[in-house]
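Note that the numbering runs from 1 along the sequence shown for the chain. All heavy atoms count here, side chains included; hydrogens, waters and symmetry mates do not.
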Amino acid sequence: MIQISSPGGWERFVENLIEVRPHITVGGKLDVRKLNPIAAKYDITYQEPS
């Protein structure tokens with residue numbers, strides 16, 4: 001699989017995500033409410049569960 005992200009910068013988000021992973025996971029799954037403030041730095045938003 002090849003992923004092309006444009007504009008660039010997504011790789012920095014992933015690097016940051018790896019560093020903070022222990023703080024944004026609950027039961028081994030990403031907590032979107034904790035993830036979104038980090039993702040916002042990169043103009044990324046994940047939909048929170050309803």
Side-chain angles (χ1 to χ4, degrees):
M1 173 176 20
I2 295 175
Q3 175 177 327
I4 300 172
S5 299
S6 178
W10 189 79
E11 68 281 0
R12 290 189 298 270
F13 167 66
V14 172
E15 290 170 356
N16 194 346
L17 184 62
I18 291 168
E19 292 175 9
V20 299
R21 184 175 174 218
H23 305 290
I24 61 171
T25 55
V26 175
K29 295 183 180 183
L30 288 173
D31 182 338
V32 176
R33 291 179 188 105
K34 293 179 180 179
L35 173 61
N36 272 330
I38 296 162
K41 297 175 191 176
Y42 304 94
D43 294 322
I44 300 170
T45 304
Y46 288 90
Q47 185 175 356
E48 294 187 25
S50 50

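Tyr46 and Val26 fall into different hydrophobic clusters, where Ile, Leu, Val, Met, Phe, Trp and Tyr residues are linked whenever their side-chain heavy atoms come under 4.5 Å apart, directly or through other members.
The CD1 atom of Ile38 lies 10.0 Å from the CD atom of Glu19; values are rounded to the nearest 0.5 Å. Separating the CD1 atom in Ile18 from the CZ atom in Phe13 is a distance of 10.5 Å, to the nearest 0.5 Å.
When the options Val32, Leu17, Asn36 are evaluated for a side chain to side chain contact (heavy atoms under 4.5 Å, CB included) with Ile24, the one that passes is Leu17.
For CD of Glu11, the number of neighbouring non-hydrogen atoms (other residues, nucleotides, ligands) closer than 6.0 Å is greater than 12.
Between His23 and Lys34, the shortest heavy-atom contact is O-CD, 3.5 Å.
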